[in-house]
Amino acid sequence: MKVWTPIFNIIATVLLVLIGIVFVNVCRVMERDFDQERYNYAVQQATEAMFRSTLHAEDIGLDYTDMSYVSINASDALPVFDRVICANYNMSPSQENFDAINNSIQCCVIAGFDGYYVLETSKSNSVPNNNRALDGYEMKFGIKNPYIYQAYNGKTYTLDIYKKVYTYMPTVAYNTPPTMYIVGAVYPPGLAEEEAKKIVGRQVKNTIIDELQNANNLDAMELEKFRIYFPDETTVTGVNPFEAPGIVMIMGSSNFASSSSISALSVAGYKAVNKVKVIAFTYELPNGTKRAYYCYEGQMRDEEKDAASGGLVVGGTEGKFHIENYYNTIREACEAESPGANEHYAPYYEILTRKITSKD
Amino acid sequence: MSDFINKVVTIILVFVMLVIAPMLISYKTEDMLAKRQILNDVEMFIDKVQDTANITQDDINKLYIDCNSHGLTVDVQVKRMVATSVYDTNEGVAKTNYFAVDERALLETINAGDIIQVNIKEITVSTSRRATYRLIGLDEGPLEFSLAGVVG
């Protein structure tokens, strides 16, 4: 009987060791979850800040300023990204910290309507070269690469998917300089609009995959482990393809984000979309009084607008709604007074329930 | 004599296994969960400030109460970094600089492009955690982290 006590002691010790191991693992998992979530959030915020700083609307030189033509200027983008990551980890905004953050960037692509920028390591004049391997280089966005479409007739075109123009360089002989041939507002022969978007998405996707495979911190074997997939069009489960203008940022393991290195990638992506404005319009009743209403852009059909608002005339009858103003929110529209009807704009219930169709 | 030692060791082991270990484990897991929940609360706060572009006293009170409701006692500091553009004559380009303000009145309206940074620092550490930190080295010490986002 005396032997049971030592046996019990041994079993208890073994059990205690097991409990200890499980406990340490649970702590490690929760720690990693916390660090990974924080890292993801930081990368998302920094990418959004970087994207906002690169966007601005461009005046394409026609009679009106087209606020839908979004152009991308990537020259000052990276310091904004670095600065927000530093704010997230309470690091000081010094050049060394910025370089440490940039070393963790696996791939970053910013795409505009007519071309895309890729983040590359390039020689720099401002980083001193102390004869170490990584000195003298910094991460910068390269030149804008155009979107290229290879047509069935063997010709190569470059596309602008907003202005819908394309350029084509016919080369006659190897020693004659190429001449640019720009055709306006139409796609090259054999190219539909949906296909153009897919071509753009596919080209950006191939660039991203190419960059990931050549990145200095990640080799091809690890890439297979991550199973990255970029769809060409929106999948049934709701994964969106890459659409211009947009940004994709992929950050890998870093040594500032946690006490132990995280071996997962952090992906953030944003896309610029047209803002849906609120249309404020008046409707003249048969007895001559005018009523003021509002609805969202894209809900009112063209044949319902009158000729002065740019509506279509269908079957000889003009539309009845006269557009007076555009507002950003329905609250602003409701607080404003219509000059034509002398009352505040009210919601037009029938149109407000319609689906918003986008202009393109 | 050895029998007596065996009995003492047995009793100590029983006590540790049935009482101390589960208590430590549950305290530690609760603390880690609390850390994760505080992170969630701060993320929601920054998301809200991003869209509304102003911070009222109610917002800060709510953040304070939410962060402290998970079992840890933390101090919350909200800082706003105002974005400015300065022309660098050496390089000939405009650079973006930030300067930090944290007085209550200056957090009311925030420009687009400013960075909002929330610093969380744990004020008091519970005795069990301090014990695990000092003796075993298991914990990381008092909780301290920041999170930032851009408004606009």
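So that the names make sense, note that chain A is the first sequence line, chain B the second, and so on, each numbered from 1.
Side-chain contact between Phe141(A) and Cys108(A): present, with at least one pair of heavy atoms (C-beta onward) separated by less than 4.5 Å. By the 4.5 Å heavy-atom criterion applied to side chains, His70(B) and Asp41(B) are counted as neighbours.
When heavy atoms are compared at a cutoff of 4.5 Å, Ala87(A) approaches chain B by way of both its backbone and its side chain. Looking at Ile85(A), there are no atoms closer than 4.5 Å to chain B (heavy atoms on both sides), in backbone or side chain. Interface residue Arg52(A): only side-chain heavy atoms are found under 4.5 Å from chain B. If you measure heavy-atom distances from Ile12(B) to chain A, you find no contacts under 4.5 Å at all. Within the 4.5 angstrom heavy-atom criterion, atoms from both the backbone and the side chain of Ile46(B) approach chain A. Interface remark: Ile25(B) contributes backbone and side-chain atoms alike to the contact with chain A (heavy atom separation under 4.5 Å). With a 4.5 Å cut-off on non-hydrogen atoms, Glu43(B) touches chain A through its backbone and its side chain both.
Taking 4.5 Å as the heavy-atom cut-off, the residues of residues 97-114 of chain B that approach chain A are Tyr98(B), ordered by number.
In terms of heavy-atom pairs under 4.5 Å with chain B, the best-connected choice from Asn88(A), Asp33(A), Asn90(A) is Asn88(A). Contacts with chain B were tallied for Glu48(A), Arg83(A), Gln44(A); Arg83(A) has the most, counting heavy-atom pairs under 4.5 Å. Contact count against chain A (heavy-atom pairs under 4.5 Å) is highest for Asn6(B) among Asn6(B), Val150(B), Asn40(B).
The neighbour count for Phe15(B) CZ, taken as heavy atoms of other residues, nucleotides or ligands under 6.0 Å away, does not exceed 12. At most 12 non-hydrogen atoms from other residues, nucleotides or ligands lie less than 6.0 angstrom from NZ of Lys62(B). In the displayed structure, Ile143(A) atom CD1 is contacted under 6.0 Å by at most 12 heavy atoms of other residues, nucleotides or ligands.
Residues meeting the ring pair (Phe, Tyr, Trp, His ring centres under 6.0 Å) test with Phe34(A), sequence neighbours left out: Phe145(B).
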Evaluate Glu37(A) against Tyr41(A) for side-chain hydrogen bond (donor to acceptor under 3.5 Å, both in side chains), listing each step before the verdict.
CA-CA 6 Å; Glu37(A) 170 71 23; Tyr41(A) 192 76; over 6 Å; no
Which is it for Ser69(B) and Asp66(B) under the side-chain hydrogen bond (donor to acceptor under 3.5 Å, both in side chains) test, yes or no, and what are the steps along the way?
CA-CA 5 Å; Ser69(B) 68; Asp66(B) 280 343; 4.9 Å; no
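Applying the side-chain hydrogen bond (donor to acceptor under 3.5 Å, both in side chains) test to pairs two or more places apart or on separate chains, those with a residue in residues 7-25 of chain B are Asn9(A)-Thr10(B), Asp3(B)-Lys7(B). Every pair passing side-chain hydrogen bond (donor to acceptor under 3.5 Å, both in side chains) that includes a residue from residues 141-152 of chain B is listed here, sequence neighbours excluded: Asn119(B)-Ser146(B).
Each of Ile10(A), Leu16(A), Leu15(A) was checked for a side chain to side chain contact (heavy atoms under 4.5 Å, CB included) with Leu13(B), and the lone residue meeting it is Leu16(A).
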